[in-house]
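Please read the structure below before turning to the comments.
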Amino acid sequence: MRNFAAATSSSPEPDQLVRVQGDDQTYEFNGELIATATTHRPDKPRWLDMELWRVTDGTGRYVIGRIGKSLVYHKHDGPCGRGVPTPAMELNFNAIPCADCGAPSLNIARSIPGRLVMREAEHPSASVCQDAHEVLQALRLPDIGYSAPAQRLLDTARLRDEKINAAMSVIKRL
Ligand SMILES: [Zn+2]
C-alpha cells in the first residue's frame with residue numbers, strides 16, 4: 001500500500017508528510033506533489049505511473065516516484081515464470097489472463113477454491129535528486145532522451161516549479 005495515494009487525490013497542501021516507495025526502501029519526507037504522468041490506456045494491461053515531489057525542508061531536493069503496474073496474471077506452473085503466487089479469489093475483477101501461458105479465465109480461476117495464479121506485482125522505484133538538474137538527469141535515458149511520460153511529467157512540473165523550469169531552459173553557448 002502506498003500511503004501517499006490519499007494525498008495524491010486530495011487537494012495539494014504544502015508540507016504534508018509523504019511516503020514514496022522505492023525498490024528496496026520507503027522514503028518519508030515533507031513534500032508537495034508538483035506533477036504526475038501515466039502511460040495508462042484503457043486497452044493496455046501494463047503501464048507506468050510517475051510522480052515528481054518537491055521536498056519542502058529547504059534543501060531544494062526532489063523525489064521521483066515510479067511505479068510499474070499490471071493487470072496481468074499467469075498460470076501458476078506455466079512457462080512465463082513471472083509474477084507472485086496469489087489465490088485467484090484475490091484477483092480484481094479487471095485482472096487479465098496472460099494469453100501466452102494458457103492462464104485460466106478469471107471466472108474459471110475464481111471458481112476453484114484455493115486455485116493459485118501468478119499475479120504480476122507492482123514495481124516501484126524512486127530517485128532522490130539533490131536539485132532540479134538531477135531531476136532532469138534522472139529522467140533522461142542515455143541516447144534516447146526523455147520518455148513520453150517523463151516529458152509530460154516535466155512539462156507539468158515546469159509550470160509549477162521555478163527551478164525545474166530554469167533547469168529546462170538552460171541555453172548552451174557553442
Ligand atoms: Zn503467462
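These numbers come from the heavy atoms of this one structure, side chains and all, not from hydrogens, waters or symmetry mates. Nothing fancy with the numbering, it's 1 onward along the sequence.
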Spatial distance of atom [atom1] ([X]) from atom [atom2] ([Y]) [nearest 0.5 Å]:
X      : Y      : atom1 : atom2 : result
Asp155 : Leu153 : CG    : CG    : 9.0 Å
Ile96  : Ser105 : CD1   : OG    : 13.0 Å
Arg110 : Ile108 : CZ    : CD1   : 13.5 Å

For the residue pair [X] and [Y], what are the closest heavy atoms and their distance?
X      : Y      : answer
Pro97  : Ala103 : CB-O, 3.8 Å
Arg160 : Ile34  : NH1-O, 3.0 Å
Ala150 : Met50  : N-SD, 3.9 Å
Gly102 : Lys75  : O-CD, 3.8 Å
Thr38  : Arg152 : O-NH2, 2.6 Å
Thr56  : Gly31  : OG1-N, 3.5 Å

[X] side chain near [Y] side chain, heavy-atom distance below 4.5 Å:
X      : Y      : value
Leu136 : Leu154 : yes
Cys98  : Tyr73  : no
Gln21  : Ile67  : no
Ile164 : Tyr62  : yes
Trp53  : Phe29  : yes

Salt bridge present between Glu120 and Arg46 (N-O < 4.0 angstrom):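 Answer for the salt bridge query: yes.
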Charged N-O contact under 4.0 Å between Lys69 and Asp49: yes
Verify same cluster id: Val20, Leu33 (apolar side-chain graph, 4.5 Å): yes
Contacts of type side chain to side chain donor-acceptor pair (under 3.5 Å), residue Arg82, not counting sequence neighbours: none
Heavy-atom donor-acceptor pair, [X] side chain to [Y] backbone, under 3.5 Å:
X      : Y      : result
Arg61  : Val55  : no
Thr86  : Val84  : yes
Thr39  : Leu48  : yes
Tyr27  : Gly65  : no
Arg140 : Gly145 : no

Stepwise side chain to side chain contact (heavy atoms under 4.5 Å, CB included) check, Leu91 with Leu106: CA-CA 8 Å; Leu91 289 174; Leu106 197 53; 3.6 Å; yes
Steps toward side chain to side chain contact (heavy atoms under 4.5 Å, CB included) verdict (Asp131, Lys163): CA-CA 8 Å; Asp131 57 28; Lys163 287 175 179 162; over 6 Å; no
So does [X] have more than 12 non-hydrogen atoms from other groups sitting under 6.0 Å from [atom1]?
X      : atom1 : answer
Asn107 : CG    : no
Asp143 : CG    : no
Glu162 : CD    : no

Residues forming a side-chain contact (heavy atoms from CB on, under 4.5 Å) with Ile64, sequence neighbours excluded: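 For Ile64, the residues satisfying side-chain contact (heavy atoms from CB on, under 4.5 Å) (neighbours in sequence not counted) are Leu52, Arg66, Ser127, Cys129, Val135, Ala138, Leu139.
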Apart from Phe93 itself, residues in the same hydrophobic cluster as defined by side-chain heavy atoms under 4.5 Å: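 Grouped by the 4.5 Å side-chain rule, Phe93 forms a cluster of one, so the answer is none.
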